[in-house]
Asks: 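One structure, pasted below without further comment.
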Amino acid sequence: MKKYMLDLIIKENKQLSNQYSLLILTSPDKLPEILPGQFAEVRVDGSPTTFLRRPISIHYVDYKLNELWILIQIVGDGTKRMAEMNVGESLNMLIPLGNSFNFPERKDAKVLLVGGGCGVAPLLYLGAHLKNAGFEVNFLLGARSKTDLLQLCEYERFGNVYTTTEDGTHGERGFVTQHSALNNSNFDYIYTCGPTPMMKAVAAYALKIGANCEVSLENTMACGIGACLCCVTDTTDGHLCVCTEGPVFNITKLKWQI
Amino acid sequence: MKKYMLDLIIKENKQLSNQYSLLILTSPDKLPEILPGQFAEVRVDGSPTTFLRRPISIHYVDYKLNELWILIQIVGDGTKRMAEMNVGESLNMLIPLGNSFNFPERKDAKVLLVGGGCGVAPLLYLGAHLKNAGFEVNFLLGARSKTDLLQLCEYERFGNVYTTTEDGTHGERGFVTQHSALNNSNFDYIYTCGPTPMMKAVAAYALKIGANCEVSLENTMACGIGACLCCVTDTTDGHLCVCTEGPVFNITKLKWQI
Amino acid sequence: MANLNINIGKLQLKNPVMTASGTFGYGTEFSDFMDVSRIGGIFVKGTTLRDRQGNPYPRMAETPSGMLNAVGLQNKGADYFINHIYPTIKDIDTNIIVNVSGSTIEDYVETAEMLNSLEKIPAIELNISCPNVKEGGMAFGTSCLSAAQVVKEVRRAYKNELIVKLSPNVTDISEIALAVEAEGADSVSLINTLLGMAINAEKRKPILSTITGGLSGPAVKPIALRMVWQVAQAVKIPVIGLGGIMNAADAIEFMLAGASAIQIGTANFIDPTVSIKVVDGINDYLDRHGYKSVSEIVGALEI
Amino acid sequence: MANLNINIGKLQLKNPVMTASGTFGYGTEFSDFMDVSRIGGIFVKGTTLRDRQGNPYPRMAETPSGMLNAVGLQNKGADYFINHIYPTIKDIDTNIIVNVSGSTIEDYVETAEMLNSLEKIPAIELNISCPNVKEGGMAFGTSCLSAAQVVKEVRRAYKNELIVKLSPNVTDISEIALAVEAEGADSVSLINTLLGMAINAEKRKPILSTITGGLSGPAVKPIALRMVWQVAQAVKIPVIGLGGIMNAADAIEFMLAGASAIQIGTANFIDPTVSIKVVDGINDYLDRHGYKSVSEIVGALEI
Ligand SMILES: Cc1cc2nc3c(=O)[nH]c(=O)nc-3n(C[C@H](O)[C@H](O)[C@H](O)COP(=O)(O)OP(=O)(O)OC[C@H]3O[C@@H](n4cnc5c(N)ncnc54)[C@H](O)[C@@H]3O)c2cc1C
Ligand SMILES: Cc1cc2nc3c(=O)[nH]c(=O)nc-3n(C[C@H](O)[C@H](O)[C@H](O)COP(=O)(O)OP(=O)(O)OC[C@H]3O[C@@H](n4cnc5c(N)ncnc54)[C@H](O)[C@@H]3O)c2cc1C
Ligand SMILES: Cc1cc2nc3c(=O)[nH]c(=O)nc-3n(C[C@H](O)[C@H](O)[C@H](O)COP(=O)(O)O)c2cc1C
Ligand SMILES: Cc1cc2nc3c(=O)[nH]c(=O)nc-3n(C[C@H](O)[C@H](O)[C@H](O)COP(=O)(O)O)c2cc1C
Ligand code: FES
Ligand code: FES
């Protein structure tokens, strides 16, 4: 897929909590084709401590409105600067980068999308594509507390939404992997993105029930386009770049101790 | 004089032209005592290429309104960022720094204040003080063109204003040192700030007519408080720091080839 | 429109802007963003005799105005390069130069010999300055004796242009430059990365898997510029300057200091089209200052 | 509130935060902004036997996340220091340490001897690493032999704590550290500035009057941290770390890497109260991580 360097314009900045912002971007030109699971390398201007671009997942693309959504979790100065951008400002990004999630072969496959923290970001766009392709979509979204469960209504447009919170303020109390929906369901395909311990627990569950499982990794990156070899993960094929051979990997390919 | 590190708040940002902005700053606390000729070391946030503070002259202080004025000429990223600040944002400065202009001993002394470019900045506050002390003040302000002659009305509050422009769009055509007001006047005390060639020409004129002459230098600075010894100028007393022994020097002290 | 052609020994460049090894892949990674044939040359990834897996993750740390890397020369080896990569890049209409790395003199020599046969590879860059491998690498570049030895042997084995890439982690870089010049290097390129380290205070751990790594980016520019100036004054062969170049003004500074050409490294990560912008910016500068040819600014610093 | 006391040899510090020579004047320049007695020590300006005018203006260039300086040890000489400056600063309730510079061994020795007599100067820092003077200075610090020689002679002449400040412009800094340790240095401080250069492309001229100057600030932090880590592993005497420290996290990184104390230089220009903030920030860190004493984090990096 052809990659572009684009200056997208902030159309809306919804500050969802003091940690999360949803940026809705647009462009005078038609947005390029982007697949679920792909990401952008975003240049952060005006942040003296941010030298390199920042990898950010595609949260959603609305081709009708020519909108691209990204979900930002503030962890340092780069994300802070992005989360505080004003409507009308422009954001320079390399896009679309990386591979994408794969769809089950059988249309009646039961799919589960498990996200935690900011890892929910790529799952919205994935859910939309899956639904569009005719799959019945189940989201299982975990967070520390109710306020960190963002815009559930958006996910509900594309499937069933189950939630867990660590403090029990929404959905079931506990971690995603403890949710009762996992008990006697036989999911065929599981997609997950979030903190590594969570993804490993999900992968372990998938192995247990014999489901196919794809994870989206968040290694630190310098270039995002396969040039620097900084972002590797250890796989059955040796060191592979997360930015080009990933971010989505089937867990059978990863050398994770699960 | 005691120095402070203060966060002043932008009360107004008047973009006077695409090169100049007048920032009117204020503070919840009473502004400290500041003398004409002194400057501030301003920290520039949000400019990745600006590492050190930037020395900026005190343009004017209005103690009644608790306002401090600075005049910014955009030459690089630091001044650009300052010139584009929004009302309500805060600017961190070390203030007041440096020495100040001296007043003539005799109250009937004829004083002339010659400024060029952004060098007009400290002269406004100096003019106000001189007038207040009972002197008759004459400003001679030079610029490339009419649009670079800023807020003449402010100067007119404190004295006579003569102008030159290189393109003849305001006042007399030419350089300040060619202005007819210099022809048969016998000024006793001349203050000047602006580009070095201009200040040297003014100094030569002062020497010729036997006037006392003080210049305000703009050497590059790192600390602004006499700690780094980066900002020296060569004087009859050896290398002296412009930030503490200046920025105002009597021309008899400088080793200028005039 | 000034004349941007410049020669580095027998190497003819359409302009002095090239991309640095390890930061531009094999060029193809950037072809969606720019026409890579518009730049003067591409230094491809560090290539070793045999396949190398490189260092474990994490291999990167961001630092003030720079970054540390500890890639450790991950590559599939010279054989793979010749049979699988070379055919896909040999028709790019610019100079493709292979950065040759090794742990022993024999490795360097054997790799250089293998590359002799490739018609479209007009030069190799001998990397005696990689700080990210346990044996060899930087060790060769930090003493005159070992630098001279490896250059001497490779010179015997390699018939095309031999560029030697110097390490900045030395007391006196001119000395090393003179030593490799004496053994027949056709030109030198400098600087490789400076050995640095980053720590995560909260975790009390080094950030890189290898503890130390190589520092690059604008943070190192003042050091690189000083070294290029020192070396250009010491040697007679051409100097290729690099280290922190982000824009045309930076590139021109290196040329004024004595570099006949420059390489752009880390900046490619921030703007994948930066090298083209630098070509255009140099051209503007030459026009604005009334130069007819870029060669006029090489070493033109007024002291 | 953790215990922040730490000793560097016989030097007792109320906390490990000190200010670097040439960046904090004589301390008095900062007293409007902070209570200078709250920090562990003040390294005053480079002092030479005789009055020095320093280098011509311009002496400073801003660089990406750093600055170059070429002050060239402007100071009024040891006599003037003893008779006119010492009396005004001797009652500041913290360690006042004099940074001693020279062009010949005799200069260093004579200056050190003169400072012996000052009751309130518990230590000197031997600056064998100044890149901004023509003779002496850095030259002493870039070879083991000359570094050892000057330390040996000064050690004989000076009875209090002798700190030797190392140059980063060397191939192997541990080697130099070991050489000065062998001659009786009580501790080492590192790093001094890295030799760099800046050019104004439009004017085609060097920015500094001296062409090259010393690079400091966060740009050099990764290099400084690596060197502190290397030296701390090589020597038995305490190490004082500096180079680009801007905040408490940076300071803690140096201590984890093996520094018993740290100095803050260029950061004082950006925030004249930074040293106090670093003291407070270290205290917070210790509390947050459950340490009772700052000495617990010295060299506590987990590999
Ligand atoms: C493929 C991919 C997709 C991503 N998608 C999103 C997204 O949609 N939304 C979003 O908010 N973030 C996303 N991230 C993470 C995001 O890139 C980082 O949070 C960001 O780079 C941090 O920049 P900063 O300047 O704010 O923080 P920094 O100041 O760089 O770092 C702050 C702290 O976070 C840690 N940190 C930085 N980057 C990472 C990382 N990648 N993994 C773990 N810890 C890290 C640092 O070690 C440091 O402790 C994604 C990352 C990848 C690789
Ligand atoms: C005592 C004093 C008072 C000053 N008062 C004012 C004022 O009231 N208003 C105002 O706008 N400016 C004033 N200046 C100048 C101002 O400090 C510089 O313009 C500013 O530091 C430039 O920062 P920058 O980041 O915008 O440009 P940079 O990117 O740092 O520099 C841009 C260009 O300007 C040149 N430059 C930078 N600083 C200076 C300088 N001091 N002298 C000559 N050339 C320089 C650089 O070489 C470069 O070519 C004063 C300077 C001093 C020393
Ligand atoms: C991620 C990365 C990988 C690198 N790999 C190599 C390499 O394989 N061989 C080599 O000689 N230099 C390598 N370098 C060094 C660069 O070619 C260059 O010398 C250095 O980065 C300084 O230039 P810069 O500041 O413009 O990046 C690498 C640098 C980076 C950042
Ligand atoms: C303006 C300036 C003057 C300096 N003068 C001296 C000096 O006289 N003696 C000395 O040993 N180091 C001197 N240094 C070096 C600093 O003490 C310190 O080693 C260096 O700046 C690195 O620390 P930093 O990055 O925190 O500034 C000077 C540094 C600067 C910036
Ligand atoms: S981030 Fe550079 S190769 Fe993946
Ligand atoms: S700017 Fe530091 S002494 Fe004047």
Side-chain angles (χ1 to χ4, degrees), chain C residues 61 63-68 131 141-143 167-172 176 194-206 211-215 217-230 244 246 248-257 285 288-289 297 300-303, chain D residues 61 63-68 131 141-143 167-172 176 194-206 211-215 217-230 244 246 248-257 285 288-289 297 300-303:
Chain C
T63 66
S65 299
M67 63 177 278
L68 289 165
T142 53
S143 101
S167 170
N169 300 292
V170 295
T171 309
D172 183 354
I176 314 271
L194 279 143
L195 195 62
M197 178 171 174
I199 290 175
N200 183 324
E202 289 303 316
K203 296 188 181 153
R204 288 188 303 282
K205 293 213 167 116
I211 307 175
T212 60
L215 183 66
V220 309
K221 195 191 78 171
I223 301 169
L225 203 53
R226 180 263 296 182
M227 290 186 165
V228 164
W229 184 72
Q230 288 178 325
M246 296 297 285
D250 292 340
I252 291 159
E253 289 169 27
F254 276 85
M255 299 193 72
L256 292 170
Y285 176 91
R288 199 149 38 78
H289 288 264
I297 66 167
L301 192 69
E302 293 166 19
I303 302 294
Chain D
T63 66
S65 299
M67 63 177 277
L68 289 164
T142 54
S143 100
S167 171
N169 300 292
V170 295
T171 308
D172 183 354
I176 314 271
L194 279 143
L195 195 62
M197 179 172 176
I199 290 175
N200 184 323
E202 289 303 315
K203 296 187 181 154
R204 287 188 304 282
K205 291 214 168 113
I211 306 176
T212 60
L215 182 66
V220 309
K221 196 191 78 172
I223 302 169
L225 203 54
R226 180 263 296 184
M227 290 186 166
V228 165
W229 184 72
Q230 288 178 325
M246 297 297 284
D250 292 340
I252 291 159
E253 289 168 27
F254 276 85
M255 298 193 72
L256 292 170
Y285 176 91
R288 199 149 38 78
H289 288 264
I297 66 168
L301 192 70
E302 294 167 19
I303 302 295

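Computation of the quantities below employed the complete heavy-atom set of this structure, encompassing side-chain atoms and omitting hydrogens, waters and symmetry-equivalent molecules.
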Asks: If every non-hydrogen atom of C:Lys203 is compared with every non-hydrogen atom of D:Glu302, which pair is closest and at what distance?
Replies: O-OE1, 4.5 Å
Asks: Just give me the residue among C:Pro222, C:Gly196, C:Ser143, C:Ser167 that pairs up with chain D most often, heavy atom to heavy atom, under 4.5 Å.
Replies: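 The option with the most such pairs is C:Pro222.
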Asks: Tell me, for D:Glu202 versus chain C, whether the close heavy atoms (under 4.5 Å) come from the side chain, the backbone, both or neither.
Replies: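 Contact with chain C: backbone and side chain both.
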Asks: If I take atom CG from residue D:Asp172 and atom CG from residue C:Asn169, how far apart are they, to the nearest 0.5 angstrom?
Replies: 11.0 Å
Asks: Ignoring hydrogens, what is the shortest heavy-atom contact between C:Ile303 and D:Pro206? Give both atom names and the distance.
Replies: CD1-CG, 3.9 Å
Asks: With chain C, which of D:Ala61, D:Ala198, D:Pro64 has the greatest number of heavy-atom pairs at distances under 4.5 Å?
Replies: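 It is D:Pro64.
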Asks: Who pairs with C:Ala257 by side chain to side chain contact (heavy atoms under 4.5 Å, CB included), at least two apart in sequence or on another chain?
Replies: C:Leu225, C:Val228, C:Trp229, D:Ile199
Asks: Among D:Asp250, D:Leu301, D:Val220, D:Ile297, who wins on heavy-atom pairs under 4.5 Å with chain C?
Replies: D:Leu301
Asks: D:Met246, D:Glu253, D:Met227, D:Gln230: which one forms the most heavy-atom pairs within less than 4.5 Å of chain C?
Replies: D:Glu253
Asks: Can any side-chain N or O of D:Tyr285 pair as donor or acceptor with the backbone N or O of C:Ala201 at less than 3.5 Å?
Replies: yes
Asks: Please flag which part of C:Thr142 lies under 4.5 Å from any non-hydrogen atom of chain D: side chain, backbone, both or neither.
Replies: both
Asks: Which pair of heavy atoms, one from C:Ala219 and one from D:Leu215, lies closest together, and at what distance?
Replies: O-CD2, 4.0 Å
Asks: Is there a side-chain contact between D:Lys221 and C:Met197, using heavy atoms and a 4.5 Å cut-off?
Replies: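 Sidechains of C:Met197 and D:Lys221: no contact.
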Asks: State, with a plain yes or no, whether a side-chain heavy atom of C:His289 is found less than 4.5 Å away from one of D:Arg204.
Replies: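 In short, these two side chains touch, coming nearer than 4.5 Å.
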Asks: Are any of the side-chain heavy atoms of D:Ile223 and C:Leu195 separated by less than 4.5 Å?
Replies: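 No, side chains not in contact.
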Asks: Take C:Thr171 and D:Thr171, measure what side chain to side chain donor-acceptor pair (under 3.5 Å) needs, and give me the verdict at the end.
Replies: CA-CA 5 Å; C:Thr171 309; D:Thr171 308; 3.2 Å; yes
Asks: Please rank D:Thr63, D:Leu194, D:Ile211, D:Leu68 by heavy-atom pairs under 4.5 Å with chain C and give me the top one.
Replies: D:Ile211
Asks: Can you name the closest pair of heavy atoms from D:Thr212 and C:Arg226 and give their distance?
Replies: CG2-CG, 3.8 Å
